[in-house]
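A short write-up of the structure that comes next.
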Amino acid sequence: MPYSPTEIEPKWQQRWADAGVAEIDVTAPGDKLYMLNMFPYPSGDLHVGHGRNYILGDALYRYFRMQGRAALNPMGWDAFGLPAENAAIKRGIHPRQWTLGNIGRMKEQFARWGILYDWSKEIASCEPDYYRWNQWLFLQLYKKGLAYRGKAPVNWCPQDQTVLANEQVVEGRCERCGALVEQRDLEQWFFKITAYADRLDAGLDTLEHWPEKVKLMQRNWIGRSLGADVEFQVPFLGTAIRVFTTRPDTIFGATFMVLAPEHPDVAKLIADHPDRAAIEEWITAVRNQSNLERQEKGKEGRFTGKTAINPFTNEEIPIWLGNFVLPQYGTGAIMSVPAHDQRDFEFAKQYGLPMKIVVGPASGEPLELADEAFTFKDESGVSVDSGPISGLPVPKAIEKIISIIEERGLGKGTVRYRLRDWLISRQRYWGTPIPMLYCEKDGLVPVPEEQLPVTLPLDVPFTGREGNPLAKHEAFVNAICPQCGGHARRETDTMDTFVDSSWYFCRFVTPRDETQMFDSRVVDRWLPVDQYIGGIEHAILHLLYARFITRTLHDLGLITFEEPFTRLFNQGVITKEGYKDARGSWVSPADVQWREEKPYRGEELLTAEVTKMSKSRLNVVPPDELIARYGADTERVYTLFIAPPEKEAAWSDEGVVGAYRFLGRVWNIGEKLSVKDAVLQGLKGEPTRAVTRKMHQTIHAVTSRIERFEFNTAISALMEFSNVLGEAPSREAYEVLLQLLHPFAPHITEELWEALGNDGFVLTSKWPVADPELMKEDTVTIAVQVNGKLRGQVDVPAGAAENAVYDAVFANEKIQQWVSGKDIVKKIYVPNKLVNVVVK
RNA sequence: GCGAAAGUGGCGGAAUUGGCAGACGCGCUGGACUUAGGAUCCAGUGGCCUUAGCCGGCCGUGUGGGUUCGAGUCCCACCUUUCGCACCA
């Protein structure tokens, strides 16, 4: 019988499901292991690029099961979000219906890939029994002052008609739709993530099993910097303006001050300015610019006409307004040290402001300002012309000047963060309603916990215009104030979907609990998640929010851990060639003709570009055809074999057949072994010494490589083993091959396992253990170098004494040609398998 | 500009502690089987030279130096690419 995956795969998928092999009782004892793939947004059809993520997780899950671990592997749906609403507007289908339809299709797809999830724990964030706990969480944070409503300059996406978190703005554009983001002053809901900035930063040091890259990205995003707040007296105001600087050691070189145009003291400072109107006009223009526009326009400033006193030089320094000073960071005011800061330098040059050198190289050579500021950041620089800190290297100077600043009451050493509060409100329908009321009498009133959930009404019209459809739903908007019983208006903003995904991993262990967010005792047993798997695109947003919310849950006394994910793995994306026409539109591969190895559509030459697989680029490989032709096992093996899993990998339709041939060979060996013919019984005998050795080497290799996420080389080791087995089949070794191959190709291995007459699943069999003694080679090949050149090879028994190796080497005829009797052997090295003979 | 990672055949990629570079697979070449092959199986496959053939030799892991008996691997300098951040004082 030839290998026919389409016949065997559905059968085994059904059997696993019927046996409920992945369902786990979280209260039963066992060596727990919580595996988790980031729950997906149910956008519809999955392609082979998505498959990589889940196949990888499933292979690992099956491996841990065979190791005897009580492994939990749940799956759910990050089911709220904009695409559902856009589908509703475009196609008239309700977001819920669209979402549930996609979920159904994706579940089928997971099954066809042979992926095992514990579906008894499935959750969908768009269901009231899930999102009511979002609302409950919101109320707890509100009580603690960690959720608040505030007016702030926010990012507004004119395309999606909603505000965005800072994290969702990429290069000044909406991360989702690419529209240019505008700055607007709006009342919005925030989570006070900044209150946890220090803990989120410090916690990164405890994450030993996270990729360094992700930790670095988070660290940069949190942006902790040490420095000092210093007050500069402003005689005109009669008070001081406070600046933040990370380089207080350069304060003797602060020759002017720059305020953000939004700074609160600006109005007073320019009140009597002769050109007040012009300056105000400029300020308005700057305020309306996005960060991107500000940067593109270059540095611009206006002189206020007023001065401040440098507290160390006692000189009067001019106060300027500058578009490059950010209102949200530090105090919105800076002391400018043009000699030692590139931005200050450019500004000073542009407006002819004075510069003063106060740090020089440790060598003492004099400096001359040319086109750049000198930014000594370490011991390579020493303070000069700086009174009490002159002569000190930069780090020491910073330390000393801060203590002087504090002694003299001018300010203090401070830590500032780049991180800003998390804007969580969205003016969209398909999300968790924020459980707040606006009472005409009592103002802002939280919805009492016993009234949760605030259910999202389903009967709303989707026009795509005039903002949030929820606001037009009278029955939803009108409410009764729980405090005074009078009329209240319900908050119609919904929560950012990142709120949903910042605690879902806790819900999975007790997903049907109707009385609480989760059962703390069970959560404390199963969490933190032992192995979290997902794309690098979540390195900042999701992972930072999840770490933040986990800490708030900890502080609420609900859990005892602070970091939600012990190990993190980010798989790389799958790429494929796409084709663009002259206008830059993507062309369907079906319309591409190849002429002289170049892609054409009709007479038009197209350009080929390798990019991430995506629907819009028309370069997706749908798994259905692939599975119909080669089977899911082939896709699984190919996907894992293609490249190291953390790396980007280029999909190759030809490459797939390699995996298919490999499985075909494994199948054929099984055929030989299971034939009843007595003539072939000889094949079922004991494995030869060479096969036994290879078997143990392979067990060792596959085990250690799976543990290190080196799936590509784990599979190559299995290919080698099967090549050896093909020459000398043996049942014992073959069963081991099936077990080692199972995590990667579960269906074919189950089928062959059964054909050999075994009871039960391979999945539930015990992972083989390698015997180090049997792994060793009998002989060692010695390569001999004479004067650094390879001159011959000798086989010696493994573990031979040095003298025996030496004798064997010189008994070899070939080597003798290169060594004359007069030569003196100076050194002999026997590390593993290479002898190096050096002659004079 | 700042930060991080990576450069190995035609391609994806292997190479515990420095120890036979190119495992495994794709592709390619030749052969077998075929009405057919874009199916399957077998063999070969880094480059150059040498040989009737076996054998043999030289070069080779981005570039240039260094350490070492020995370097893809360690050290120094440089080049290139990718990714992340980007007026954060």
Side-chain angles (χ1 to χ4, degrees), chain A residues 2 170-172 211-221 223-225 227 243-248 250 254 258 260 291-292 294-296 298-299 322-337 340-344 346-347 372 375 377 416-420 536 539-540 572 637-638 641-644 646-662 664-665 668 701 704 708 710 712-723 781-790 792-793 814 826-839:
Chain A
V170 178
E171 287 173 5
E212 288 303 321
K213 184 182 177 175
V214 174
K215 286 193 274 186
L216 191 71
M217 282 167 74
Q218 293 225 349
R219 195 158 269 139
N220 289 341
W221 190 264
R224 180 177 196 270
S225 22
V243 303
F244 172 68
T245 175
T246 55
R247 292 295 301 277
T250 62
V258 188
N291 277 353
L292 195 72
R294 278 199 193 190
Q295 239 183 94
E296 276 167 1
K299 291 184 179 48
N323 66 345
F324 68 102
V325 178
L326 303 172
Q328 311 94 326
Y329 185 74
T331 59
I334 61 166
M335 64 173 210
S336 273
V337 186
H340 304 291
D341 182 282
Q342 193 58 33
R343 296 153 302 184
D344 297 346
E346 284 165 23
F347 194 77
E372 260 183 294
T375 53
K377 285 177 183 157
R416 296 272 180 185
Y417 297 91
R418 208 187 76 123
L419 186 69
R420 281 175 242 156
I536 187 79
I540 297 174
V637 169
Y638 175 66
F641 181 66
I642 185 170
E646 71 280 5
K647 278 193 63 170
E648 184 179 294
W651 186 269
S652 143
D653 292 324
E654 296 86 51
V656 174
V657 303
Y660 184 65
R661 285 180 198 148
F662 163 57
R665 282 197 298 274
N668 291 339
S704 61
R708 294 200 301 264
E710 294 168 3
N712 55 328
T713 54
I715 289 171
S716 76
L718 288 168
M719 287 173 169
E720 285 183 52
F721 184 33
S722 86
N723 289 344
T781 302
I782 304 275
V784 181
Q785 289 180 28
V786 179
N787 282 342
K789 297 211 192 269
L790 189 70
Q793 296 191 348
K814 251 184 218 152
K826 291 174 109 180
K827 288 181 193 168
I828 182 161
Y829 300 88
V830 192
N832 307 333
K833 48 184 174 178
L834 187 82
V835 167
N836 195 329
V837 181
V838 182
V839 296

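- When all heavy atoms of A:Ala649 and A:Ala643 are compared, the closest pair comes out as CB-CB, 3.8 Å.
- Classified by its glycosidic torsion, B:G66 falls in the anti category, the angle being over 90° from 0.
- Checking A:Lys213 against A:Tyr329, the closest nucleotide of RNA chain B that is more toward the 5' end is the one next to A:Lys213.
- Taking the P atoms as reference points, B:U45 lies 14 Å from B:G25, given to the whole Å.
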Within the sub-3.5 Å range, which N or O atoms of nucleotides 13-16 of chain B have a protein N or O partner, and how far apart are they?
residue	atom	partner	partner atom	Å
B:G13	OP1	A:Lys647	NZ	3.3
B:A14	OP1	A:Asn712	ND2	3.3

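- Atom C1' of nucleotide B:C85 and atom CD1 of A:Ile536 are separated by 14 Å, given to the nearest angstrom.
- The residue A:Ser225 sits close only to the backbone: its heavy atoms come under 4.0 Å of sugar-phosphate atoms, none of a base.
- Residues A:Glu720 and A:Met217 each lie close to RNA chain B; by heavy-atom proximity, the contact nearer the 5' end of the strand is made by A:Glu720.
- What separates CH2 of A:Trp221 from C1' of B:G84 is a distance of 11 Å, to the nearest Å.
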Exercise for the section: Test A:Asp341 against A:Phe347 for side chain to side chain contact (heavy atoms under 4.5 Å, CB included), laying out the working first. Expected result: CA-CA 10 Å; A:Asp341 182 282; A:Phe347 194 77; over 6 Å; no
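- Looking at heavy-atom distances under 4.0 Å, A:Val325 makes contact with a base.
- Between the CZ atom of A:Phe662 and the C1' atom of B:A23 there is a distance of 15 Å, rounded to whole Å.
- Put simply, NZ on A:Lys299 is 14 Å from P on B:A89, counting in whole angstrom units.
- Using a 4.0 Å heavy-atom criterion, one finds that A:Arg661 contacts the sugar-phosphate atoms exclusively.
- Following rounding to the nearest Å, A:Ile540 (CD1) and B:G84 (P) show an atom-to-atom distance of 10 Å.
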Problem - Nucleotide pairing, RNA chain B (Watson-Crick or G-U, distances under 3.5 Å), in dot-bracket with [ ] and | - result: (((((((..(((......[....)))((((((.......))))))((((......))))..(((((..]....))))))))))))....
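- Residue-level contact check: A:Arg224 touches neither bases nor backbone, having no heavy atom under 4.0 Å from any strand.
- The separation between A:Trp651 atom CH2 and B:G25 atom P is 18 Å, rounded to whole Å.
- In this structure, the CD atom of A:Glu654 is 10 Å from the C1' atom of B:G38, given to the nearest Å.
- At least one side-chain nitrogen or oxygen of A:Asn723 sits closer than 4.0 Å to the OP1 or OP2 atom of B:G25.
- Pairing each heavy atom of A:Met217 with each of A:Ala539, the nearest pair is CE-CB, 3.7 Å.
- Looking only at distances, no side-chain donor or acceptor of A:Tyr638 sits under 3.5 Å from a matching main-chain atom of A:Trp651.
- Distance A:Arg418 CZ to B:C85 C1': 7 Å, rounded to the nearest Å.
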